[in-house]
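Below you'll find the structure, written out as structure tokens, and then a few comments.
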Amino acid sequence: MAEWEEVARTQEFEALLVRRRRFVVPALLVWTAWFGAFLVCCAVARGFMGSSIYEGFTVGYAWALSVIVLTWIIGWLYVRVSARSFDPLAERAAGTRGRETFADRPVPGREQPAETETEPARR
Amino acid sequence: MTVKALPLIVFGAVLAVTIGVTFWASRRTRSSTEFWAAGRSISPLQNGMAISGDYMSAAAFLGVTGLMFLGGFDGFITGVAAVCSFIPVMLLLAERMRNSGKYTMADVLAFRLRERPARTAAAIGTLFVVGFYLIAQMIAAGSLIEALAGLSFPVAVLITGAAMLLYVLLGGMLATTWVQIIKAVLLMGGVLVLALFVLAKFGWDPIQIFNTAKAKADNPAKYLAPGGLFTKPLDVISIGIAFALGTAGLPHILMRFFTVPTGKAARGSVGWAIAIIGIFYVLVSLIGFGSRAVLGAGGEKLAGDGGNLAAPYLAQSLGGGAGTAGGDIFFAVISGVAFATILAVVAGLVIAASGGVAHDLWSQVIKRGRHREGREVLVGKVAAGAIGVLAIGLALVAGKGFNVQLLVGLAFSVAASANFPSLVLALFWRRFNTAGALTGVAFGLIASIGLIVLSPPVWAGPDSQDGAPFPLQNPALFSIPIGFLGCWLGTVLSSERTEARHRELRVRAETGVGAES
């Protein structure tokens, strides 16, 4: 079996895909909604965007800055969550090759099969 | 036009430092990996700075300042879109590109699709984007240097072109990366000092800047509201989308992910880039409003077409005004920053184009991967030279009156409509296949160029504003969906199945197992 197929069978790989999707999809939706609403308001709600919040500090400029801040927050969160959650899973998925796959995970009531493959050390 | 000594001295210093770095890098650039990917030796912070350097063009600094000077708030909208465009780059592409490719965007498509057609399509997409962008930057370089230092347009284009070729041919990606880093430091330093001067002038009170700018605008009631530049509502949406999704299809940005050692480092470098570029645009917005507040309507003649010279003249005014030592020095320094900005961006574009020609078209499509290692670099250098000379020639032919914003908009539109859909679908859509990539690139490209030709800036006629068949200035709002439609249509009309290769690509992209080291 090719190396990648063994990785693909690990539960860590499945978990990695699911967890990363759980972060990326909502983050992209929030991003699209907040930036999209900003563009739409720039297009059709010009008076509202030009109205002053405080002494000439406008809704539009505040919203523009908030889009940049949101970008910082999503970027920072993604780097952080990746380091804490996704990277260890990816490393385990890559490192557990030939050992912990769905095929030979211990099943209750059955003998654990002996380790048959002897893998050369990974580079 | 008289030659200005002080800006020329600063330009000379910028050239001396960057060429010095190039000679240092030239001793470390032999193999293909060194030429196109700097030996994968760049750290996340360095690469984040280099991405920022590649991305913050003269259009971003001088152009956005100028548009804010002329049109107020609308000028800032493309800046906001530019910052948030790194979210899809980070969440969808950065690590996955690094894990699944070698030197170019096309590597990712070629991994799961039929190699030669997929690579050809991606290389064509790359060359169109880079070509439009490169010519735009060369023309901008010529006219800016002419205005800033008093050199004639052709001389300015030739100097820029010569420096660009020197960096790329001698120092490859390593020199290009360090030129980007030097430029990013200079540019951030320049905008920070300029923004602080603006703030100091208005008693460290941004509110004062807004209100003074508003009072001095041609149309005060509208200056701080949207609608100053983009009169048609759909224009602002289309341009915003072009910038927000275009970055994810810019070959010279995506190529930077191959210069770092791991996928994790690629992700980290986008993190740094988001931080740097975000700060940059916040500062530029202060400079943009500040330029109107300081220069007022009287500055419109100085600032020139598109307001491009508003930033250096703002510096001159803040330094003490024309003719004073402070004013002249500040003007020269900001001009030098703009010069470094231009040099770095064109070098990054040329190396991306040479990857498309030599690594994709020559080595994989024509030679089918059968060639000696050293040959690829040689062909890459020949390609870089040819592309550089061609761009210099086209910039000279087009002349300084050519509409640069149009070319930049076109580059972003093709990037978002032709490159982005096939790249994302190759990574995430199980059913995607070779025919889908080909039709996707073709649809995106033809829609972008076709709609631009039919749009007000290009369509000839007595009343091109209202008489053009396609009413918007930028086609992205329509051409991106057309690009995706092309990908889907080609895929379902072809019986080719690539699910098995996609599973392998997915393992590689998500975990880095099997990634190029």
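Just so it is clear, the model here is predicted, and its values are computed rather than measured. Proteins get letters first, then strands, A, B, ... in listed order; numbering begins at 1 in each.
Looking only at distances, no side-chain donor or acceptor of A:Trp4 sits under 3.5 Å from a matching main-chain atom of B:Val513. A donor-acceptor pair under 3.5 Å is formed between the side chain of A:Trp31 and the backbone N or O of B:Cys84. The main-chain N or O of A:Glu55 is found under 3.5 Å from a side-chain atom of B:Asn211 such that the two form a donor-acceptor pair.
Only the side chain of B:Phe289 comes within less than 4.5 Å of a heavy atom in chain A; its backbone stays farther off. For B:Ala221, no part sits under 4.5 Å from any heavy atom of chain A, backbone or side chain. Contacts of B:Ile241 with chain A are made by both backbone and side-chain atoms, with heavy-atom separations under 4.5 Å. Residue B:Ile279 touches chain A through both its backbone and its side chain, counting heavy-atom pairs closer than 4.5 Å. For chain A, no part of B:Arg508 is nearby; none of its heavy atoms comes within less than 4.5 Å. For a residue to count as touching a neighbouring chain, one of its non-hydrogen atoms must lie under 4.5 Å from one of that chain's; by this rule A:Tyr54 touches chain B with backbone and side chain alike. B:Ala500 touches chain A through its backbone: at least one of N, CA, C or O sits under 4.5 Å from a heavy atom, while the side chain does not. Heavy atoms closer than 4.5 Å to chain B are found in both the backbone and the side chain of A:Val40. With a threshold of 4.5 angstrom between heavy atoms, B:Glu95 approaches chain A through side-chain atoms but not through N, CA, C or O.
Aromatic ring centres of A:Tyr61 and B:Phe73: separated by at least 6.0 Å.
Separating the CG atom in A:Leu39 from the CD1 atom in B:Ile237 is a distance of 6.5 Å, to the nearest 0.5 Å. The line from CG of A:Leu17 to CZ of B:Arg506 is 5.0 Å long, rounded to the nearest 0.5 Å. Of the inter-residue distances, the one linking A:Cys42 atom SG with B:Ile239 atom CD1 reads 12.0 Å to the nearest 0.5 angstrom. Atom-to-atom distance recorded for A:Arg92:CZ and B:Thr511:OG1 is 13.5 Å, nearest 0.5 angstrom.
Screening B:Met90, B:Arg267, B:Lys264 against A:Ser82 for a side-chain contact (heavy atoms from CB on, under 4.5 Å) leaves a single residue, B:Arg267.
Residues satisfying the ring-ring contact (aromatic ring centres under 6.0 Å, His included) test with B:Phe230, not counting sequence neighbours, are none.
Side-chain contact between B:Ile277 and A:Thr71 is absent, with no heavy-atom pair separated by less than 4.5 Å.
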